[in-house]
Amino acid sequence: MLFVLISLVFSCSSTTNDGNLSIIVEKIQIPIDEKFLNTYQIWDSYYENEESKLLAYNATRHSFDLFSLDKQSTLSQIPLEREGPDGIDKVDGLDYYNEDSIFLYSRGKLYISTIEGKISKVHSLYELFNFDGGGEPSINFYFKLRYNPVSKSVAFFIVYHNTDQKSKGNLPLIGLLNLETLETNYLPIYHTDFFKENYGNVGFVTYLGFNNFFEGNMIFNYQYQSNIYSLNTKGKLKEGKEVKHILPLINLDNIDSHAINNTHYLSPIPDPWRKLIYRFNWEAPIKGKEISFLKKKTSLTVFDSKLKKLQHYSLPDYTYQINNWFATKKGLFLNLAHPANPALKENTLEFHVVKLRNDKF
């Protein structure tokens, strides 16, 4: 198995006075055959008997694909049913709690499954949230499925259909489902003043970013704004200010070019082992330079546990698959599977494992 130390993968473009971060980047490679994929959109990492594992959803084969991150090997592929009592629709969200409680989201449904794909419960989200076409509970690439064992609840990003942008500014964005009582309620999280002042004209960069909880708090952000936020269990909101916004969309016919030419602030990823928060950015191009979505650059901003910015890194071009990153106690995993990556290998699932350490600890 290959375990290589990579140097100078990231370049530090700016540092705050408190940015005393040291960095090591290692590479792991998991050999795969034609049954597995070299990149996955839906996955979750977990530990079992001290072994670091990765559970991924293979949409092509409608299966659970299981990997050992420690041994850098495939473990198994578990086919899922499409019909019958264990039938599961296409999976858009996955959260491993234990081998008997794997939470799965498919549009309109929340499943609880075993590692073998046996369904114990199916919740109809449209019925529970009284969905009438106006506020749909959703999980996507930006807002991850996460079960909170303390509150026994799951959070959903609420998508408002057939609602004008101006009205969306006054509607709650996160709905909670309590899995013990099956009661639903909404968190006091709304679009920002910037969104409201511009009547919601931020193009389609409107999703909330949420990856996981950190020290009991919900860490989230807005795609159109560089600030990050923490919401505690008592509903108190804390803001980490960086104060950068995308430019408002003036002409609706330019919605694609608007998204290309502005930075998308992607979901913050808490790292409880190092007490850091990572936020990837899908960068705007250099002024006057026309590019495509595929050619947008990426960068990484690192915050401490108090939401204070520590450091900002520029990432290498055409290297990492967008949104395919996660944190474990081994480090921050980045999937080397950008579609334009000239070194992309079909028979290998590859990661850079970034190990950042705050030298002040």
Side-chain angles (χ1 to χ4, degrees), residues 6 9-16 19 21 23 25 39-45 140-144 146 157 202 204-214 218-230 240 242-246 259-285 291 293-305 307-328 330-341 350-356:
I6 309 295
V9 173
F10 294 179
S11 60
C12 181
S13 56
S14 65
T15 308
T16 68
L21 294 178
I23 180 170
V25 183
T39 185
Y40 292 84
Q41 294 289 337
I42 311 297
W43 51 15
D44 193 22
S45 61
N140 54 38
F141 298 145
Y142 309 104
F143 198 98
K144 300 296 185 181
R146 292 289 180 254
F157 175 68
V202 295
F204 57 71
V205 190
T206 58
Y207 289 114
L208 223 62
F210 166 68
N211 184 278
N212 215 333
F213 298 94
F214 185 34
M218 189 172 197
I219 307 297
F220 69 96
N221 74 327
Y222 300 86
Q223 280 186 289
Y224 54 81
Q225 178 182 282
S226 62
N227 298 0
I228 65 172
Y229 299 83
S230 173
E242 202 183 358
V243 197
K244 295 179 183 177
H245 303 102
I246 70 166
I260 291 172
N261 289 314
N262 279 284
T263 299
H264 297 210
Y265 298 100
L266 302 175
S267 311
I269 302 175
D271 181 345
W273 300 276
R274 296 160 189 82
K275 299 191 180 300
L276 297 172
I277 300 171
Y278 312 116
R279 204 268 318 283
F280 289 91
N281 317 288
W282 210 9
E283 294 284 354
I291 62 170
F293 280 112
L294 191 64
K295 293 183 177 180
K296 281 172 73 75
K297 294 177 178 291
T298 53
S299 63
L300 171 65
T301 307
V302 184
F303 302 84
D304 66 15
S305 59
L307 311 186
K308 191 170 186 177
K309 180 180 175 182
L310 296 178
Q311 211 148 5
H312 186 83
Y313 298 95
S314 295
L315 304 186
D317 293 342
Y318 315 137
T319 303
Y320 306 116
Q321 175 68 284
I322 198 80
N323 280 327
N324 286 9
W325 28 61
F326 57 91
T328 78
K330 290 181 173 296
L332 176 65
F333 281 68
L334 287 74
N335 185 205
L336 285 131
H338 190 284
N341 187 346
E350 293 187 281
F351 298 96
H352 276 159
V353 185
V354 181
K355 301 185 179 187
L356 286 167

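No experiment lies behind these values; they were computed from the predicted model shown. Below, all heavy atoms of this structure are taken into account, side chains as well, without hydrogens, waters or symmetry copies.
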Parallel, tilted or perpendicular, as decided by the 30° and 60° cut-offs, for the rings of [Y] and [X]:
| X | Y | answer |
| --- | --- | --- |
| Phe213 | Phe210 | perpendicular |
| Phe220 | Tyr222 | perpendicular |
| Phe326 | Phe351 | perpendicular |

Say you draw a straight line from [atom1] of [X] to [atom2] of [Y]; how long is it, rounded to the nearest 0.5 Å?
| X | Y | atom1 | atom2 | answer |
| --- | --- | --- | --- | --- |
| Leu307 | Asn227 | CG | CG | 10.0 Å |
| Tyr224 | Ile246 | OH | CD1 | 9.0 Å |
| Leu300 | Ile23 | CG | CD1 | 7.5 Å |
| Leu356 | Leu310 | CG | CG | 9.5 Å |
| Thr39 | Glu350 | OG1 | CD | 11.5 Å |

State, to 0.1 Å, how close [X] and [Y] come at their nearest heavy-atom pair, and which atoms those are.
| X | Y | answer |
| --- | --- | --- |
| Leu21 | Gln311 | CB-OE1, 3.0 Å |
| Pro285 | Asn261 | CG-OD1, 3.5 Å |
| Thr328 | Asp271 | O-OD1, 4.5 Å |
| Phe293 | Trp282 | O-CZ2, 3.5 Å |
| Arg279 | Ser226 | NH1-O, 2.7 Å |
| Ile42 | Phe141 | CD1-CE2, 4.2 Å |

Do [X] and [Y] have side chains that get closer than 4.5 Å, going by heavy atoms?
| X | Y | value |
| --- | --- | --- |
| Asn335 | Trp43 | yes |
| Leu276 | Leu332 | no |
| Leu336 | His352 | yes |
| Val354 | Tyr313 | no |

Inset, instruction - Quick one: do Phe214 and Ser230 satisfy side-chain contact (heavy atoms from CB on, under 4.5 Å)? Show the steps, please. - result: CA-CA 9 Å; Phe214 185 34; Ser230 173; over 6 Å; no
Legend entry - Donor on one side chain, acceptor on other, Thr319 and His338, under 3.5 Å: no
Legend entry - Candidate list Asn140, Asn324, Ile322, test side chain to side chain contact (heavy atoms under 4.5 Å, CB included), partner Gln41, passing option: Asn324
Inset, instruction - Could you pull out all residues at least two apart from Lys330 that satisfy salt bridge (Lys or Arg N to Asp or Glu O under 4.0 Å)? - result: Asp70
Determine whether a donor-acceptor pair (N or O, by modelled atom type, separation under 3.5 Å) exists between the side chain of [X] and the backbone of [Y].
| X | Y | answer |
| --- | --- | --- |
| Asn281 | Glu283 | no |
| Lys296 | Ile260 | yes |
| Gln223 | Tyr207 | yes |

Legend entry - Test: Lys297 and Asp317 ion pair at under 4.0 Å: yes
Legend entry - ring pair (Phe, Tyr, Trp, His ring centres under 6.0 Å) assessment of Tyr320 paired with Trp325: CA-CA 9 Å; Tyr320 306 116; Trp325 28 61; 7.3 Å; no
Inset, instruction - State which residues pass side chain to side chain donor-acceptor pair (under 3.5 Å) with Tyr229; sequence neighbours excluded, sorted by chain then number. - result: Gln225, Glu239
Which donor-acceptor pairs under 3.5 Å do the side chains of residues 263-270 make with protein atoms, sequence neighbours left out?
from	atom 1	to	atom 2	distance (Å)
Thr263	OG1	Ala284	N	3.0
His264	NE2	Ala259	O	3.0
Ser267	OG	Tyr142	O	2.5

Inset, instruction - List the steps, then state whether side-chain contact (heavy atoms from CB on, under 4.5 Å) holds for Ile228 with Ile277. - result: CA-CA 10 Å; Ile228 65 172; Ile277 300 171; 4.3 Å; yes
